[in-house]
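Notes follow the structure.
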Amino acid sequence: MLRMREEPMIFYYSATGNSQHVARRLADALDDRAVSILACREAGGASFELAEGEAVGFVAPTYFMGLPTLMTDFFDVLDLRTSGGASPYAYLVATFGNFSGTTRAMTAEALRDRGIPLAAAFGVRMVDTWTPLFDVSDRERNLRITREADARIDDIAARVRARETGAHRIRTGPPLVGSLMHAHWRARRSTAPFFVEPACIGCGACARNCPVGAIRMEDGAPVWTADTCAQCLACLHRCPAFAIQHGPNTKKHGQWVHPDEILA
């Protein structure tokens, strides 16, 4: 069981480095510690004790107008306790391409179930890596979005330091549309659209980067061993040969991993 006492922290989940970059940049600015929720899982738990009134942050990408399943799974096992009577200053930073949808509402509900109010929510527009639909082949455009995001992250750090509350540039979009879209996505998440091109070099990066263990290497090639997965596309974006595709459009839409956060 992983435990930290009276230590500032920012929890994050990231598949292609966008949200990890946000968490690390915030941690540097706030003298906090960025903690991957996947590291918490590997350590065997998510139980933490905070000092009274301490700040605790959550950085998450938006998947189909809501939280990724890995983030909701983390909230299900999260045990946050305070050493005093006051609640921590809990805040969310949602990264998104167009809208954050229900991400704020889902986070607020998860924390409320643990007796912790969500004090603030912030939005950061970043490169949308759902390439079955969105095109990331224009690197100059991607870098422009990334530079603009860095300025936004620095502004969020100042607001967190000042303990500002409320919603800031969260861009939820139509609530009903977000709820229906996210519910539909959660119910499907099929691995059937994935396929491997002959360019595969058998390096196993896809299997190593799959956060739910849905890929196994067989005879030097990846095989999807589960009907559903996290749909994070880490396998596709981190393939050095760009041999993994998801449906008919990803090949022409390109790959993206945040240039400052190469994980594989």
Side-chain angles (χ1 to χ4, degrees), residues 13-22 60-71 94-101 103 123-150 152 171 173 177-178 181-182 184-212 214-215 221-224 226-264:
Y13 165 62
S14 187
T16 59
N18 284 338
S19 292
Q20 177 173 274
H21 176 77
V22 173
T62 301
Y63 283 13
F64 279 78
M65 304 283 274
L67 284 174
T69 54
L70 285 165
M71 202 72 193
T95 63
F96 56 85
N98 293 292
F99 297 102
S100 65
T103 301
V124 179
R125 181 181 178 236
M126 302 198 82
V127 177
D128 197 319
T129 58
W130 183 251
T131 50
L133 182 61
F134 299 106
D135 190 342
V136 300
S137 61
D138 186 340
R139 184 168 178 81
E140 287 304 312
R141 174 181 177 273
N142 297 344
L143 293 176
R144 174 178 56 79
I145 293 172
T146 300
R147 288 192 296 269
E148 292 171 354
D150 280 352
R152 175 67 182 140
R171 283 181 58 87
V177 172
M181 181 181 293
H182 190 66
H184 179 72
W185 170 78
R186 286 182 71 91
R188 296 175 67 87
R189 297 185 293 114
S190 173
T191 58
F194 286 102
F195 64 94
V196 184
E197 294 185 326
C200 175
I201 59 175
C203 66
C206 51
R208 291 193 302 274
N209 282 298
C210 179
V212 294
I215 301 174
V223 174
W224 279 260
D227 294 332
T228 61
C229 69
Q231 298 287 297
C232 65
L233 298 189
C235 57
L236 183 156
H237 290 290
R238 296 186 178 282
C239 174
F242 197 14
I244 293 179
Q245 307 300 331
H246 184 287
N249 296 321
T250 54
K251 186 66 174 180
K252 63 184 178 183
H253 285 170
Q255 293 173 291
W256 172 258
V257 175
H258 194 286
D260 293 344
E261 307 296 339
I262 302 300
L263 305 182

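Keep in mind it's a predicted model, so treat the numbers as computed, not measured.
Checking side-chain atoms of Gln231 against main-chain N and O of Thr228 turns up no donor-acceptor pair under 3.5 Å. Distance alone, capped at 3.5 Å, is enough to place a donor-acceptor pair between the Thr250 side chain and the His246 backbone.
Atom CZ of Arg144 has more than 12 heavy atoms from other residues, nucleotides or ligands within 6.0 Å.
Within the model, atoms NE2 of His21 and CE of Met126 stand 5.5 Å from one another, a figure rounded to the nearest 0.5 Å. For the atom pair His182 NE2 and Thr103 OG1, the distance stands at 7.5 Å (nearest 0.5 Å). To the nearest 0.5 Å, atoms OG1 (Thr62) and CZ (Arg171) are separated by 11.0 Å. Distance CG/Leu233 to SG/Cys210: 11.0 Å, rounded to 0.5 Å. Atom CG of Asn142 and atom CD of Glu140 lie 9.0 Å apart (nearest 0.5 Å). Here the CZ atom belonging to Arg238 is positioned 6.5 Å from the OG1 atom belonging to Thr16, to the nearest 0.5 angstrom.
In this view, Thr191 and Phe194, Trp224, Cys229 satisfy the side chain to side chain contact (heavy atoms under 4.5 Å, CB included) rule, not counting sequence neighbours. In this view, Arg152 and Asp155 satisfy the salt bridge (charged side-chain N to carboxylate O under 4.0 Å, His left out) rule, not counting sequence neighbours. Applying the salt bridge (charged side-chain N to carboxylate O under 4.0 Å, His left out) test to Arg139 and every residue at least two apart in sequence or in another chain returns nothing. Considering only residues two or more places apart in sequence or on other chains, Phe134 meets the side chain to side chain contact (heavy atoms under 4.5 Å, CB included) condition with Asn98, Asp128, Trp130. Scored by the side chain to side chain contact (heavy atoms under 4.5 Å, CB included) test, Cys206 finds Ile215, Met217, Pro222, Cys235, Ile244 as partners (sequence neighbours excluded). Under the rule for a salt bridge (charged side-chain N to carboxylate O under 4.0 Å, His left out), Asp138 has no partner lying at least two apart in sequence or in another chain.
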